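Structure record follows, encoded as structure tokens.
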Amino acid sequence: MLTHSQTESPTPGERGRFLWNQKPGDLIELEARAESLSGITLGQLAQDGGYIVPAELRRAKGWVGTLIEKALGASAGSRAIPDFPQLGVELKTLPIDQNGKPLESTFVCSIELSKIADSEWLESRLFGKLSHVLWVPVEGTRSLPVAERRIGTPLFWRPTDEEVDLLRADWEQLCLLIAQGRTGEITGHLGQVLQVRPKAARGSSRRRTSDEEGALYDEQPKGFYLRPRFTHGILQRYFSLSC
DNA sequence: TTGTGATCATCT
DNA sequence: AGATGATCACAA
């Protein structure tokens with residue numbers, strides 16, 4: 001996905017302006033490094049690291065997120081833990097339009113369909129990932145060439161008590177349906193701030209699970225997503241306070 | 001195969 | 001326009 005330049009511009013991690021693939025030691029350092037990306041374009045950042053910018057994201061949907069991860073030294077890989085394990089921080093890029101409005105929902109984590117029945121909120125993947133997030137807004141208007149899109153001002157976010165209540169209420173409602181084996185009733189329409197949507201390589205993907213009674217059946221893999229309205233609220237609150 | 005990074009494509 | 005369901009690439 002992150003294709004290296006064949007022309008050997010700067011060797012990644014050696015000559016670039018940014019500390020590619022190097023773990024930040026603490027929150028202050030992570031913040032400083034995230035802020036150093038603010039205002040530059042994806043093309044500039046990619047060139048610094050010696051990466052090729054895809055002409056379009058259709059076949060490179062996670063390219064922006066992976067680029068920012070490498071630049072900031074995220075180390076969790078594809079494990080189901082926060083991107084900066086030692087700091088407990090999850091990194092999320094957020095595509096925004098010219099008004100700072102999120103263009104897409106935000107994927108949070110996949111759902112362990114077979115284990116969801118006896119899970120608890122405080123131990124959940126969802127709560128674990130959302131307890132501390134570093135949001136990095138990035139211009140995402142489709143008509144803007146990927147290389148020209150600018151990285152925005154990063155912000156650290158911890159959900160307020162009110163936001164936790166909203167998330168937890170949705171999470172419990174959706175988990176209950178899943179635990180009862182009523183996954184057929186789950187659509188993206190449910191949930192005020194959180195929703196459950198397919199998360200699979202193809203629509204026909206299936207994964208084995210069971211309901212409270214232990215009955216086995218196959219269901220489409222699903223994941224939790226934050227609604228754009230919710231993430232928009234996070235950005236608005238932050239930027240209204242910082243002005 | 002599952003979980004990560006997400007955006008695409010289409011319908012209302 | 002906004003949102004839902006579908007889909008793409010990669011790592012372990």
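The shown structure was predicted, so the numbers you read here are calculated from the model rather than taken from an experiment. In what follows, chains are A, B, ... by sequence order, proteins preceding strands, each numbered from 1. Computed over heavy atoms, backbone and side chain alike; hydrogens, waters and symmetry mates excluded.
- At the phosphate of dG2(C), neither OP1 nor OP2 sits under 4.0 Å from any side-chain N or O atom of Arg227(A).
- One atom, CH2 of Trp135(A), and another, P of dA6(B), lie 9 Å apart when rounded to the nearest Å.
- Remark: Lys199(A) qualifies as a cation-pi partner of Phe107(A) under the 6.0 Å distance and 45° angle criteria applied to the six-membered ring.
- Considering only side-chain N and O atoms, Thr93(A) lies under 4.0 angstrom from the phosphate OP1 or OP2 of dA6(B).
- Side-chain proximity of Ser110(A) to dG3(B), dT7(B), dG5(C): nearest is dG3(B).
- Between Gln220(A) and the phosphate of dA6(C), there is a side-chain N or O to OP1/OP2 separation shorter than 4.0 Å.
- Nearest-nucleotide mapping onto DNA chain C: of Ala60(A) and Thr187(A), the residue sitting toward the 5' end is Thr187(A).
- Regarding Arg202(A), its CZ atom lies at a distance of 13 Å from the C1' atom of dT1(B), rounded to whole Å.
- The side chain of Pro198(A) approaches dT7(C) more closely than any other nucleotide in the set dT7(C), dA3(C), dT4(B).
- Summary of the strand contacts: Gly65(A) and Ala201(A) both lie near DNA chain B, and taking for each the nucleotide with the nearest heavy atom, the more 5' one is attributed to Ala201(A).
- Computed from coordinates, the Leu67(A) CG to dA9(C) P distance equals 18 Å when rounded to whole Å.
- OP1 or OP2 of dA9(C) lies within a sub-4.0 Å distance of a side-chain N or O belonging to Arg59(A).
- Taking every heavy atom of both residues into account, Leu194(A) and Asp170(A) meet most closely at N-OD2, 3.0 Å.
- Scanning atom types as modelled, no donor and acceptor separated by under 3.5 angstrom connect the side chain of Arg79(A) and the base of dG3(B).
- Residue contacts shown for Glu90(A) are limited to sugar-phosphate atoms, with no base heavy atom under 4.0 Å away.
- Under 4.0 angstrom from either OP1 or OP2 of dC10(C) there lies no side-chain N or O belonging to Lys61(A).
- Val138(A) has its side chain out of reach of Pro95(A): every pair of non-hydrogen atoms, C-beta onward, lies at least 4.5 Å apart.
- Set against dA3(C), dG3(B), dT7(B), the side chain of Pro95(A) has dT7(B) as its closest nucleotide.
- Checked against dA6(B), dC8(B), dG3(B), the side chain of Arg125(A) finds its nearest nucleotide in dG3(B).
- The nucleotide whose nearest atom lies closest to any side-chain atom of Leu57(A) is, among dA11(C), dG5(C), dC8(B), dC8(B).
- Straight-line distance from the CD atom of Glu56(A) to the P atom of dT7(B): 14 Å, rounded to whole Å.
- A side-chain donor-acceptor contact under 3.5 Å links Gln44(A) to the backbone of Thr41(A).
- Note on Gln195(A): every side-chain N or O is 4.0 Å or more away from OP1 and OP2 of dA3(C).
- In terms of phosphate contacts, Arg58(A) brings no side-chain nitrogen or oxygen within less than 4.0 Å of OP1 or OP2 of dA6(B).
- With hydrogens and angles left out, the side chain of Tyr225(A) and the base of dA3(C) share no donor-acceptor pair within 3.5 Å.
- Inter-residue side-chain proximity for Phe224(A) and Leu130(A) is flagged as unmet; no heavy-atom pair is nearer than 4.5 Å.
- In this pair, His132(A) and Phe156(A) present their aromatic rings tilted. The plane angle is within the 30 to 60° band.
- As judged by a 4.0 angstrom heavy-atom cut-off over every strand, Lys129(A) is placed among residues touching the sugar-phosphate backbone only.
- For Arg142(A), the listed nucleotide lying nearest its side chain is dC8(B); candidates were dT4(B), dC8(B), dA3(C).
- At whole-Å resolution of the value, CZ in Phe224(A) and P in dT2(B) are 18 Å apart.
- In the hydrophobic clustering of this structure, Val164(A) groups with Trp171(A); members are Ile, Leu, Val, Met, Phe, Trp, Tyr whose side-chain heavy atoms approach within less than 4.5 Å, directly or through other members.
- Out of dG3(B), dG2(C), dA3(C), the shortest distance to the side chain of Pro228(A) is found at dA3(C).
- For the pair Arg149(A) and Cys109(A), both in contact range of DNA chain B, the more 5′-proximal nearest nucleotide belongs to Cys109(A).
- What separates NZ of Lys222(A) from C1' of dT4(B) is a distance of 19 Å, to the nearest Å.
- Residue Leu226(A) contributes atom CG, which lies 15 Å from atom C1' of dA3(C) at whole-angstrom precision.
- Per the geometry, CZ belonging to Arg197(A) stands 8 Å off C1' belonging to dA3(C), to the nearest Å.
- Residue contacts for Ser105(A): at a heavy-atom cut-off of 4.0 Å it reaches a base atom on one of the strands shown.
- The base of dG5(C) is not paired with the side chain of Lys199(A) by any donor and acceptor separated by under 3.5 Å.
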